[in-house]
Amino acid sequence: MTHQTHAFHMVNPSPWPLTGALSALLLTSGLVIWFHFNSMTLMLIGLVTNLLTVFQWWRDVVREGTYQGHHTPIVQKGLRYGMILFIISEVFFFSGFFWAFYHSSLVPTHDLGGLWPPAGITPLNPLDVPLLNTSVLLASGVSITWAHHSLMEGKRNNMNQSLFITIALGMYFTFLQASEYYETSFSISDGIYGSTFFMATGFHGLHVIIGSLFLLICLIRQLKFHFTSKHHFGFEAAAWYWHFVDVVWLFLYVSIYWWGS
């Protein structure tokens, strides 16, 4: 940074965008081959190369921001804008599932028996596991806020404890949702109800897993003293993402589990 006359980060040439694109091609092509020919070889190769790319790319970003000083205030501002735009794109992603659900449920066709849930579908009890999952995610929203405030106030022990609690709650949510899927009386192939239910809740569950991994990396970085009270955008982005996951679940619970049942 001492040899440049501006505060922007001019990224060095990196192989990871190329390997990321190629691994994504292998992964998606492998999924198609798995679906049609029941062969997982190409998919597993794509998954492994994708994970290796992600690990090494993020390792480089951590080095640039933590040790090399490239994440200046103006660079952090750009990263914040990028994260905000990413979350907005996620909002539109989930909006498609809600659109499909309400389009089908508000005016059920005769193919569905003219009612919602469709004839033959026994929906889950919204006051059972879904309500417990709601309380778990709301509690995790409190603990991640506690972690953020602890970090800004320089209270390391409180930060470590609250971040660990958030990760544990996220893993517990995933376990509860997996057990819920195991017990459902319908599947994703049971018409529009099964499709919208499992696509919306399944993608949300995937986001919970990704968010839990995001927070786990933040906990490891916190234990390695990567964050300070003034320089911790990596954790801040994870907290934003987790709050987004919380809000989406509230909409899912009210729409699909409660109203839709």
Side-chain angles (χ1 to χ4, degrees), residues 24 27-40 43-44 46-47 50 86-87 89-138 140 169-214 241-261:
L27 183 59
T28 51
S29 302
L31 281 169
V32 173
I33 291 175
W34 178 38
F35 292 160
H36 290 276
F37 302 105
N38 201 29
S39 172
M40 299 179 65
M43 184 191 71
L44 291 175
L47 182 62
N50 192 262
F86 169 69
I87 291 176
S89 73
E90 292 281 88
V91 170
F92 283 102
F93 176 78
F94 278 99
S95 296
F97 297 128
F98 284 108
W99 187 299
F101 176 79
Y102 280 111
H103 175 82
S104 303
S105 60
L106 287 173
V107 187
T109 65
H110 68 277
D111 297 328
L112 304 177
L115 52 86
W116 192 269
I121 293 289
T122 303
L124 295 166
N125 184 358
L127 301 180
D128 198 0
V129 175
L131 184 60
L132 176 59
N133 263 340
T134 303
S135 62
V136 167
L137 271 192
L138 289 176
S140 72
L169 289 171
M171 294 173 64
Y172 183 46
F173 176 93
T174 303
F175 169 77
L176 287 174
Q177 191 167 35
S179 64
E180 177 186 80
Y181 279 6
Y182 183 75
E183 295 172 358
T184 52
S185 60
F186 55 91
S187 68
I188 194 171
S189 60
D190 284 325
I192 187 63
Y193 186 91
S195 298
T196 53
F197 176 87
F198 281 103
M199 287 296 287
T201 60
F203 267 112
H204 176 269
L206 177 63
H207 282 68
V208 170
I209 294 171
I210 293 170
S212 299
L213 291 173
F214 202 171
Y241 187 82
W242 196 255
H243 286 305
F244 163 76
V245 168
D246 283 355
V247 172
V248 170
W249 174 258
L250 291 177
F251 280 99
L252 282 173
Y253 177 74
V254 172
S255 301
I256 295 180
Y257 285 99
W258 181 60
W259 181 86
S261 66

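Residues Tyr193 and Pro123 are in side-chain contact: their nearest non-hydrogen atoms beyond the backbone lie under 4.5 Å apart. Residues Asn125 and Leu131 are not in side-chain contact: their nearest non-hydrogen atoms beyond the backbone lie 4.5 Å or more apart. The shortest distance between side-chain heavy atoms of Ser255 and Phe98 falls below 4.5 Å. Between Phe86 and Ser89 the shortest side-chain heavy-atom distance falls below 4.5 Å. A 4.5 Å side-chain heavy-atom check between Thr196 and Ile256 finds every atom pair outside the cut-off.
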side-chain contact (heavy atoms from CB on, under 4.5 Å) between Leu124 and Val129, intermediate numbers included: CA-CA 9 Å; Leu124 295 166; Val129 175; over 6 Å; no
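Interatomic distance, Leu137 CG to Leu176 CG, rounded to the nearest 0.5 Å: 10.0 Å. Interatomic distance, CG of Leu252 versus CG of Asn133, reported as 11.0 Å (0.5 Å rounding). For the atom pair CZ of Phe198 and CZ of Phe186, the computed distance is 5.0 Å after rounding to the nearest 0.5 Å. How far OG of Ser195 is from CZ of Phe97: 11.0 Å, rounded to the nearest 0.5 Å.
Annotation: side chain to side chain contact (heavy atoms under 4.5 Å, CB included) contacts of Val247 (sequence neighbours excluded): Phe251. Every residue two or more places apart in sequence or in another chain was checked for a ring-ring contact (aromatic ring centres under 6.0 Å, His included) with Trp258, and none qualifies. In this structure Ser261 satisfies the side-chain hydrogen bond (donor to acceptor under 3.5 Å, both in side chains) test with no other residue, sequence neighbours excluded. Under the ring-ring contact (aromatic ring centres under 6.0 Å, His included) criterion, Phe175 pairs with no residue, sequence neighbours left out. Thr134 pairs by the side-chain hydrogen bond (donor to acceptor under 3.5 Å, both in side chains) definition with Trp249, not counting sequence neighbours. Taking the side-chain hydrogen bond (donor to acceptor under 3.5 Å, both in side chains) definition, one finds that Asp246 meets it with nothing, sequence neighbours left out. Considering only residues two or more places apart in sequence or on other chains, Leu106 meets the side chain to side chain contact (heavy atoms under 4.5 Å, CB included) condition with Tyr102, Trp259. Remark: Ser189 pairs with Ser187 by the side-chain hydrogen bond (donor to acceptor under 3.5 Å, both in side chains) rule, at least two apart or across chains.
Judged as a side-chain hydrogen bond (donor to acceptor under 3.5 Å, both in side chains), the pairs with a partner in residues 172-181 (not counting sequence neighbours) are, in order, Glu180-Tyr257, Tyr181-Thr201. The side-chain hydrogen bond (donor to acceptor under 3.5 Å, both in side chains) pairs that include a residue from residues 104-123 number zero, where partners must be two or more places apart or lie in different chains.
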Listing, residues 27-39 side-chain donor-acceptor contacts under 3.5 Å, not counting sequence neighbours, or none:
from, atom 1, to, atom 2, distance (Å)
Thr28, OG1, Ala24, O, 2.9
Thr28, OG1, Leu25, O, 3.1
Ser29, OG, Leu25, O, 2.8

Output a table of donor-acceptor pairs, distance under 3.5 Å, between side-chain atoms of residues 204-212 and any protein atom two or more places apart or on a different chain; print 'none' if there are none.
from, atom 1, to, atom 2, distance (Å)
His204, NE2, Val245, O, 3.0
His207, ND1, Phe203, O, 2.6
His207, NE2, Glu90, OE2, 2.3
Ser212, OG, Val208, O, 2.8

